[in-house]
Amino acid sequence: RSFAQSLLRFLGFVFWSAAAAQAFGGVLVILMFKNYRYLFQESYFSLPGWLALATALILLPTGVLAISISVKCSRKQQGTLMYLLLLLLCLEMSSAALARSYCIRTASHLESAMGYLVHRHNWTCSQDPGNSAVDVMQRKLQCCGVHNYTDWLKVSSSYWYHCVPESCCKEKHSHCQGDLSHVEQLSEEGCLKKLEDQLCFAMLYVFWCCSVLSILELLAGVSNGILMRHQPFHDLRIL
(Lines give C-alpha, C1' and ligand atoms only; values in the text may rest on other atoms or scores of the structure.)
Protein backbone atom coordinates (compact mmCIF):
# COMPACT_ATOMS: atom_id res chain seq x y z
CA ARG A 1 0.00 0.00 0.00
CA SER A 2 2.81 2.44 0.84
CA PHE A 3 4.49 1.68 -2.48
CA ALA A 4 1.20 2.30 -4.33
CA GLN A 5 0.80 5.65 -2.57
CA SER A 6 4.35 6.70 -3.40
CA LEU A 7 3.98 5.64 -7.04
CA LEU A 8 0.63 7.44 -7.36
CA ARG A 9 2.14 10.62 -5.89
CA PHE A 10 5.06 10.44 -8.33
CA LEU A 11 2.73 9.82 -11.28
CA GLY A 12 0.64 12.81 -10.23
CA PHE A 13 3.62 15.12 -10.74
CA VAL A 14 4.49 13.31 -13.98
CA PHE A 15 0.95 13.94 -15.29
CA TRP A 16 1.43 17.68 -14.78
CA SER A 17 4.64 17.62 -16.81
CA ALA A 18 3.01 15.39 -19.41
CA ALA A 19 0.17 17.90 -19.78
CA ALA A 20 2.68 20.51 -20.98
CA ALA A 21 4.27 18.00 -23.38
CA GLN A 22 0.87 17.00 -24.77
CA ALA A 23 -0.20 20.63 -25.17
CA PHE A 24 3.02 21.37 -27.08
CA GLY A 25 2.42 18.43 -29.42
CA GLY A 26 -1.21 19.39 -30.00
CA VAL A 27 -0.37 23.01 -30.80
CA LEU A 28 2.47 21.85 -33.08
CA VAL A 29 0.14 19.65 -35.14
CA ILE A 30 -2.63 22.27 -35.33
CA LEU A 31 -0.29 25.07 -36.38
CA MET A 32 1.39 22.82 -38.94
CA PHE A 33 -1.87 22.14 -40.74
CA LYS A 34 -3.02 25.73 -40.34
CA ASN A 35 0.15 27.11 -41.97
CA TYR A 36 -0.18 24.71 -44.91
CA ARG A 37 -3.98 24.59 -45.13
CA TYR A 38 -3.80 25.18 -48.91
CA LEU A 39 -2.29 21.70 -49.18
CA PHE A 40 -4.78 20.03 -46.83
CA GLN A 41 -8.39 20.65 -47.77
CA GLU A 42 -9.65 18.10 -45.23
CA SER A 43 -9.93 19.67 -41.77
CA TYR A 44 -9.85 16.30 -39.98
CA PHE A 45 -6.08 16.05 -40.44
CA SER A 46 -5.66 18.29 -37.38
CA LEU A 47 -7.83 15.99 -35.21
CA PRO A 48 -4.86 14.34 -33.40
CA GLY A 49 -3.75 17.82 -32.30
CA TRP A 50 -7.14 18.68 -30.82
CA LEU A 51 -7.30 15.30 -29.05
CA ALA A 52 -3.84 15.96 -27.61
CA LEU A 53 -5.02 19.35 -26.28
CA ALA A 54 -8.09 17.73 -24.71
CA THR A 55 -5.80 15.15 -23.11
CA ALA A 56 -3.56 17.89 -21.72
CA LEU A 57 -6.53 19.62 -20.07
CA ILE A 58 -7.77 16.41 -18.44
CA LEU A 59 -4.27 15.49 -17.23
CA LEU A 60 -4.19 18.52 -14.91
CA PRO A 61 -7.08 17.48 -12.61
CA THR A 62 -5.95 13.86 -12.91
CA GLY A 63 -2.57 14.82 -11.46
CA VAL A 64 -4.25 16.72 -8.64
CA LEU A 65 -6.42 13.71 -7.77
CA ALA A 66 -3.47 11.30 -7.89
CA ILE A 67 -1.48 13.43 -5.43
CA SER A 68 -4.50 13.97 -3.19
CA ILE A 69 -5.34 10.26 -3.04
CA SER A 70 -1.74 9.38 -2.16
CA VAL A 71 -2.07 11.61 0.92
CA LYS A 72 -5.62 10.85 2.01
CA CYS A 73 -7.74 8.12 0.46
CA SER A 74 -11.25 9.20 -0.48
CA ARG A 75 -13.85 6.95 -2.07
CA LYS A 76 -15.20 9.65 -4.36
CA GLN A 77 -11.73 10.75 -5.42
CA GLN A 78 -10.62 7.18 -6.11
CA GLY A 79 -13.67 6.53 -8.27
CA THR A 80 -13.29 9.83 -10.12
CA LEU A 81 -9.62 9.10 -10.79
CA MET A 82 -10.50 5.73 -12.30
CA TYR A 83 -13.02 7.33 -14.66
CA LEU A 84 -10.56 10.05 -15.70
CA LEU A 85 -7.83 7.47 -16.34
CA LEU A 86 -10.22 5.47 -18.52
CA LEU A 87 -11.21 8.62 -20.45
CA LEU A 88 -7.56 9.58 -20.93
CA LEU A 89 -6.70 6.10 -22.13
CA CYS A 90 -9.43 6.27 -24.79
CA LEU A 91 -8.37 9.74 -25.94
CA GLU A 92 -4.70 8.88 -26.14
CA MET A 93 -5.14 5.59 -27.97
CA SER A 94 -7.37 7.36 -30.50
CA SER A 95 -4.89 10.21 -30.91
CA ALA A 96 -1.94 7.80 -31.28
CA ALA A 97 -3.76 5.70 -33.90
CA LEU A 98 -4.79 8.76 -35.92
CA ALA A 99 -1.34 10.34 -35.73
CA ARG A 100 0.32 7.15 -36.94
CA SER A 101 -2.09 6.62 -39.84
CA TYR A 102 -2.01 10.28 -40.95
CA CYS A 103 1.79 10.24 -41.01
CA ILE A 104 1.60 7.41 -43.57
CA ARG A 105 -1.34 8.80 -45.56
CA THR A 106 -0.06 12.35 -46.01
CA ALA A 107 2.85 11.31 -48.28
CA SER A 108 0.77 10.60 -51.41
CA HIS A 109 -1.63 13.44 -50.64
CA LEU A 110 1.17 16.00 -50.35
CA GLU A 111 2.84 14.94 -53.58
CA SER A 112 -0.31 15.38 -55.65
CA ALA A 113 -1.23 18.69 -53.96
CA MET A 114 2.25 20.16 -54.44
CA GLY A 115 2.41 18.98 -58.05
CA TYR A 116 -0.89 20.71 -58.74
CA LEU A 117 0.31 23.99 -57.21
CA VAL A 118 3.57 23.92 -59.17
CA HIS A 119 1.89 23.27 -62.52
CA ARG A 120 -0.72 26.00 -62.09
CA HIS A 121 1.82 28.57 -60.86
CA ASN A 122 1.77 31.49 -63.32
CA TRP A 123 5.13 33.28 -63.42
CA THR A 124 7.92 34.50 -65.67
CA CYS A 125 11.58 35.20 -65.02
CA SER A 126 11.26 38.89 -65.78
CA GLN A 127 8.16 39.39 -63.65
CA ASP A 128 7.88 36.97 -60.75
CA PRO A 129 5.24 38.15 -58.23
CA GLY A 130 6.72 35.94 -55.54
CA ASN A 131 3.64 35.99 -53.28
CA SER A 132 1.80 32.81 -54.29
CA ALA A 133 1.32 29.79 -52.05
CA VAL A 134 4.23 28.01 -53.78
CA ASP A 135 6.59 30.95 -53.23
CA VAL A 136 5.63 31.28 -49.57
CA MET A 137 6.20 27.56 -49.03
CA GLN A 138 9.56 27.54 -50.84
CA ARG A 139 10.85 30.52 -48.85
CA LYS A 140 9.63 29.14 -45.52
CA LEU A 141 11.06 25.66 -46.06
CA GLN A 142 14.10 26.75 -48.10
CA CYS A 143 13.26 24.26 -50.84
CA CYS A 144 12.63 24.21 -54.59
CA GLY A 145 10.00 22.25 -56.50
CA VAL A 146 8.32 19.07 -55.37
CA HIS A 147 11.40 16.81 -55.42
CA ASN A 148 14.05 19.33 -56.60
CA TYR A 149 14.47 22.33 -58.91
CA THR A 150 14.12 20.13 -62.03
CA ASP A 151 10.36 19.98 -61.40
CA TRP A 152 10.16 23.54 -62.70
CA LEU A 153 11.61 22.37 -66.03
CA LYS A 154 8.30 20.64 -66.69
CA VAL A 155 6.53 23.99 -66.66
CA SER A 156 6.25 25.39 -70.20
CA SER A 157 7.62 28.87 -69.44
CA SER A 158 10.85 27.53 -67.97
CA TYR A 159 11.74 25.84 -71.25
CA TRP A 160 11.92 29.25 -72.86
CA TYR A 161 13.42 31.33 -70.06
CA HIS A 162 15.67 28.67 -68.43
CA CYS A 163 14.91 29.79 -64.90
CA VAL A 164 12.95 28.94 -61.77
CA PRO A 165 11.00 31.20 -59.36
CA GLU A 166 13.14 33.48 -57.21
CA SER A 167 11.70 31.85 -54.10
CA CYS A 168 13.97 28.87 -54.90
CA CYS A 169 17.04 30.98 -54.16
CA LYS A 170 19.01 30.43 -50.97
CA GLU A 171 18.77 33.21 -48.39
CA LYS A 172 22.50 33.95 -48.49
CA HIS A 173 22.36 34.76 -52.22
CA SER A 174 20.50 38.09 -52.18
CA HIS A 175 21.14 38.80 -55.89
CA CYS A 176 19.86 35.43 -57.08
CA GLN A 177 17.09 35.63 -59.71
CA GLY A 178 16.47 31.92 -60.24
CA ASP A 179 18.78 31.59 -63.23
CA LEU A 180 19.48 27.92 -64.01
CA SER A 181 23.03 28.83 -65.03
CA HIS A 182 23.75 29.35 -61.31
CA VAL A 183 22.34 26.15 -59.83
CA GLU A 184 24.55 26.49 -56.75
CA GLN A 185 22.44 29.49 -55.67
CA LEU A 186 19.24 27.42 -55.62
CA SER A 187 17.90 25.26 -52.81
CA GLU A 188 18.85 21.69 -53.57
CA GLU A 189 16.16 19.83 -51.60
CA GLY A 190 12.55 19.52 -52.70
CA CYS A 191 9.62 20.77 -50.64
CA LEU A 192 7.93 17.37 -50.42
CA LYS A 193 10.60 15.72 -48.28
CA LYS A 194 11.03 18.73 -45.99
CA LEU A 195 7.32 19.10 -45.33
CA GLU A 196 6.90 15.35 -44.89
CA ASP A 197 9.68 15.34 -42.30
CA GLN A 198 8.09 18.20 -40.36
CA LEU A 199 4.61 16.67 -40.42
CA CYS A 200 5.83 13.21 -39.46
CA PHE A 201 7.91 14.66 -36.63
CA ALA A 202 4.83 16.40 -35.20
CA MET A 203 2.65 13.30 -35.66
CA LEU A 204 5.23 10.88 -34.22
CA TYR A 205 5.81 13.22 -31.28
CA VAL A 206 2.09 12.99 -30.43
CA PHE A 207 2.14 9.22 -31.07
CA TRP A 208 5.00 8.49 -28.67
CA CYS A 209 3.72 10.91 -26.02
CA CYS A 210 0.34 9.15 -26.05
CA SER A 211 1.93 5.69 -26.02
CA VAL A 212 4.17 6.43 -23.03
CA LEU A 213 1.36 8.18 -21.17
CA SER A 214 -0.95 5.21 -21.71
CA ILE A 215 1.53 2.95 -19.91
CA LEU A 216 1.87 5.44 -17.03
CA GLU A 217 -1.90 5.70 -16.73
CA LEU A 218 -2.18 1.92 -16.50
CA LEU A 219 0.33 2.03 -13.63
CA ALA A 220 -1.71 4.76 -11.97
CA GLY A 221 -4.87 2.68 -12.40
CA VAL A 222 -3.20 -0.35 -10.81
CA SER A 223 -1.90 1.75 -7.89
CA ASN A 224 -5.32 3.28 -7.37
CA GLY A 225 -6.87 -0.19 -7.52
CA ILE A 226 -4.52 -1.42 -4.79
CA LEU A 227 -5.57 1.47 -2.55
CA MET A 228 -9.26 0.85 -3.34
CA ARG A 229 -8.79 -2.79 -2.33
CA HIS A 230 -7.64 -1.71 1.13
CA GLN A 231 -10.71 0.55 1.40
CA PRO A 232 -13.47 -1.30 -0.52
CA PHE A 233 -16.80 0.23 -1.55
CA HIS A 234 -18.97 -2.00 0.62
CA ASP A 235 -22.16 -0.11 -0.11
CA LEU A 236 -21.53 -0.14 -3.89
CA ARG A 237 -20.15 -3.68 -4.22
CA ILE A 238 -22.92 -4.59 -6.70
CA LEU A 239 -21.46 -2.13 -9.22
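Just so you know, these numbers use all the heavy atoms, side chains as well, and skip hydrogens, waters and symmetry mates.
- Between C143 and C191, a gap of under 2.5 Å is found separating the two SG atoms.
- Between atom CG of residue L85 and atom CG of residue L81 there is a gap of 4.5 Å, rounded to the nearest 0.5 Å.
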Original post:
Should Y36 and L141 be marked as a side chain to side chain contact (heavy atoms under 4.5 Å, CB included) after you check the CA-CA gap, both sets of side-chain angles, and the distance that decides it?
Top reply: CA-CA 11 Å; Y36 300 101; L141 297 175; 3.3 Å; yes
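- By the neighbour-count criterion of 12 heavy atoms within 6.0 Å, atom NZ of K194 is densely surrounded, having more than that number from other residues, nucleotides or ligands.
- Judged by distance alone, the side chains of S68 and Q77 do bring a donor and an acceptor atom under 3.5 Å apart.
- No path of Ile, Leu, Val, Met, Phe, Trp and Tyr side chains, each step under 4.5 Å between heavy atoms, connects L60 with V212, placing them in separate hydrophobic clusters.
- Interatomic distance, I58 CD1 to F15 CZ, rounded to the nearest 0.5 Å: 12.5 Å.
- When the shell of 6.0 Å around NZ of K170 is examined, it contains more than 12 heavy atoms from other residues, nucleotides or ligands.
- Distance CD/Q198 to NZ/K140: 9.0 Å, rounded to 0.5 Å.
- At least one side-chain heavy atom of M93 sits less than 4.5 Å from a side-chain heavy atom of S214.
- With N35 contributing its side chain and L31 its backbone, the two residues share a donor-acceptor pair below 3.5 Å.
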Subject >> Chi angles and distances behind the salt bridge (Lys or Arg N to Asp or Glu O under 4.0 Å) call for R139, D135 >> reply: CA-CA 6 Å; R139 289 196 183 95; D135 292 310; 5.1 Å; no
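- Hydrophobic clustering (side-chain heavy atoms under 4.5 Å, transitive across Ile, Leu, Val, Met, Phe, Trp, Tyr) keeps L91 apart from V64.
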**OP:** Report the C-alpha distance between Q22 and L59 in whole Å, list the side-chain angles of each, state the deciding distance to 0.1 Å, and finish with yes or no for side chain to side chain contact (heavy atoms under 4.5 Å, CB included).
**Re:** CA-CA 9 Å; Q22 281 285 80; L59 276 171; 4.2 Å; yes
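- Contact annotation: the side chain of M203 never approaches that of M32 to less than 4.5 Å [non-hydrogen atoms, C-beta and beyond].
- Put simply, the side chain of L213 does not reach to within 4.5 Å of the side chain of L89, judged on heavy atoms.
- Inter-residue side-chain proximity for N148 and E189 is flagged as unmet; no heavy-atom pair is nearer than 4.5 Å.
- No continuous path of hydrophobic side-chain contacts links L7 to L218 [ILVMFWY only; heavy atoms under 4.5 Å].
- When side chains are defined from C-beta on, E217 counts as touching E92, because their heavy atoms get closer than 4.5 Å.
- In this structure, the separation between CH2 on W50 and OG on S95 is 13.0 Å, given to the nearest 0.5 Å.
- Using a 4.5 Å heavy-atom threshold, the side chains of L87 and Y83 count as separate.
- Between the CG atom in L199 and the SG atom in C103 there is a gap of 8.0 Å [rounded to 0.5 Å].
- Heavy-atom minimum distance, A23 versus A56: N-CB, 3.8 Å.
- Atom OG in S101 sits 10.5 Å away from atom CZ in F207 (nearest 0.5 Å).
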**OP:** Show the numbers, then the answer: is there a side chain to side chain contact (heavy atoms under 4.5 Å, CB included) between I67 and W16?
**Re:** CA-CA 11 Å; I67 296 172; W16 286 350; 3.6 Å; yes
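- Between I30 and S46, the shortest heavy-atom contact is CG1-O, 4.3 Å.
- At least one side-chain heavy atom of S6 sits under 4.5 Å from a side-chain heavy atom of R9.
- Proximity of F201 to L28: side-chain heavy atoms (C-beta onward) are separated by under 4.5 Å at one or more points.
- In this structure, S187 contributes its side chain and C168 its backbone to a donor-acceptor pair below 3.5 Å.
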**OP:** Just do the side chain to side chain contact (heavy atoms under 4.5 Å, CB included) check on L65 and Q78 with the steps written out, would you?
**Re:** CA-CA 8 Å; L65 279 175; Q78 288 173 337; over 6 Å; no
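- Note on L88 and L47: same hydrophobic cluster, where clusters join Ile, Leu, Val, Met, Phe, Trp and Tyr whose side-chain heavy atoms are under 4.5 Å apart, directly or indirectly.
- By the rule that hydrophobic residues join a cluster once side-chain heavy atoms approach within less than 4.5 Å of another member, L98 and L204 end up as members of separate clusters.
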